[in-house]
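Below is one structure, written out as structure tokens, with a few remarks after it.
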2 protein chains.
Amino acid sequence: MATKKDRLDRIIQSLRKKGYRLSPQRLAILKILAQSREHPSVAQIRAMIKADFSTTSPATVYKNVSLLKSMGEVLELGFGNKSSRYDGYNPHPHPHVICNGCGRIVDPEYKAMARLSREISRKTGFRITSHRLDFFGLCSECQNKKKQIEK
Amino acid sequence: MATKKDRLDRIIQSLRKKGYRLSPQRLAILKILAQSREHPSVAQIRAMIKADFSTTSPATVYKNVSLLKSMGEVLELGFGNKSSRYDGYNPHPHPHVICNGCGRIVDPEYKAMARLSREISRKTGFRITSHRLDFFGLCSECQNKKKQIEK
DNA sequence: TTTTCTGCAAATGCTTTGCATGGGA
DNA sequence: TCCCATGCAAAGCATTTGCAGAAAA
């Protein structure tokens, strides 16, 4: 599947065009964000590159994530207390389903948000520019684990 | 309209039943949360009671909000960076429309979330227990202010 | 060589916790 | 009187910022 590589290349071109450099650390972070569907946190990104770059600081990861966010190449999913998760695979607003057990985040199929957004705009008078739709619950694995414990 | 008072009384009864006390500060915080539709932050609540209780600490407001949250009487709207906003008027999940200009939060009418939630559950295998739907944009007043500036 | 990037440490901002004092019931 | 609640101060955490040295281009 060429899509993932295309996405990575696109971001790399965009960085080059704007005069940013491609350090090995930046490239590693970039690959994770552009190619994984895991919606990783900064700590998770840091853990994933630890084998190759053991001294990479949280600050470096934060700075790179912020840069990509400001370029519109990464979507931040902030939560009240827990740390933010990042989506560089699909950086445009879309629904997320979040497991309260294991913390995994998946993308369900759902296409009707644009229509709903227009409806809300009409009802409230707001000019709506973005949205956020999250569902919280237990994934099937965590449901099973819970059943095991209850036995 | 008796609804607002009813809601306040209901919470007061619930607190009494559980052995919690009704300090004047707690009552003031409670009134704001149960009766206003402003979705205030802790800082805003503190500002609103300042005239009557000038020495009330943030900790006290946080403790009261947390207590009401744990009783299911207040809904917390957490954001990534900004401070949380609280809804004690309608503590059950419902859509919010948030102005990026002035920070106001309003409740649009929308009833179809239960159906959507079931659809997502079927598609993903999650057992969904809660959700969050936010729209971001500019309220009509902030749209007008923006136009004034652009002239 | 120039300028950006990294990574340490310090700073920030919201929220929570600990604890002595105050005050409902 | 008995505990719970308040409010100060300190601690916690995620994130941001400052800066000197490292390293892309």
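Below, read A as the first sequence line, B as the second, and so on, with proteins coming before strands; counting in each chain starts at 1. All figures in this text were calculated on a predicted structure; none of them were measured in a lab. Atom set for the values below is all heavy atoms of this structure, side chains included, hydrogens, waters and symmetry mates excluded.
The cationic group of B:R127 does not satisfy the cation-pi geometry with A:F135, failing either the under 6.0 Å distance to the six-membered ring centre or the 45° limit from the ring axis. Annotation: cation-pi pair B:R104/B:F136 absent, no NZ/CZ under 6.0 Å from the ring centroid and within 45° of its normal.
Whole-Å rounding puts the A:L77 CG to D:dT15 P distance at 12 Å. Following rounding to the nearest Å, B:Y20 (OH) and D:dT6 (P) show an atom-to-atom distance of 12 Å. Rounded to whole angstrom, the span from the OH atom of A:Y62 across to the P atom of D:dG18 amounts to 18 Å. If you take NZ of A:K17 and C1' of D:dA25, they are 18 Å apart, rounded to a whole angstrom. D:dT6 atom C1' lies 15 Å from atom CG of B:L22, rounded to whole Å. The distance from atom CZ of A:F79 to atom P of D:dT15 is 11 Å, rounded to the nearest whole Å. Per the geometry, CG belonging to B:L67 stands 15 Å off C1' belonging to D:dC3, to the nearest Å. Distance CG (A:L15) to P (D:dA24): 15 Å, rounded to an integer number of Å.
Within the 4.0 Å cut-off from OP1 or OP2 of D:dC8, not a single side-chain nitrogen or oxygen of B:S57 is found. The side chain of B:S23 contributes an N or O atom lying less than 4.0 Å from OP1 or OP2 of D:dT6. Residue B:T60 has a polar side-chain atom (N or O) positioned under 4.0 Å from OP1 or OP2 of D:dG7. For the pair B:N64 and D:dT6, the criterion of a side-chain N or O lying under 4.0 Å from OP1 or OP2 is met.
In this structure, the ring of A:H94 has its center no less than 6.0 angstrom from the ring center of A:H92.
When each of A:R21 and B:S84 is assigned the nucleotide of DNA chain C with its nearest heavy atom, A:R21 is the one assigned upstream, toward the 5' end. Toward the 5' end of DNA chain C, the nearer of the two residues B:Y86 and B:K63, judged by each one's closest nucleotide, is B:Y86. Heavy-atom distances to DNA chain D give each of B:P24 and B:G80 a nearest nucleotide, and the one nearer the 5′ end belongs to B:P24.
Under a 4.0 Å N-O distance rule, the pair A:R132/A:D134 qualifies as a salt bridge. In this structure, B:D9 does not pair ionically with B:R7, as no charged nitrogen and carboxylate oxygen lie closer than 4.0 Å. Salt bridge status for B:E73 with B:R10: present, with a side-chain N to carboxylate O gap under 4.0 Å. A salt bridge between B:E119 and B:R115 is absent, with no side-chain N of the basic residue lying under 4.0 Å from a carboxylate O of the acidic one.
Heavy-atom neighbours of A:K146 NZ from other residues, nucleotides or ligands within 6.0 Å: at or below the threshold of 12.
Bounding nucleotides for the chain B contact on DNA chain C, 5' to 3', at a heavy-atom distance below 4.0 Å, are C:dC14 to C:dA25.
B:F53 and B:I29 fall within the same hydrophobic cluster, defined by Ile, Leu, Val, Met, Phe, Trp and Tyr side-chain heavy atoms under 4.5 Å apart, directly or through other members.
Five base pairs at each end of the helix from C:dT1-D:dA25 to C:dA25-D:dT1 define two local axes, and these are offset by 30° (rounded to 10°).
In this structure, CD1 in A:I32 is found 5.0 Å from CE in A:M48, a value given to the nearest 0.5 Å.
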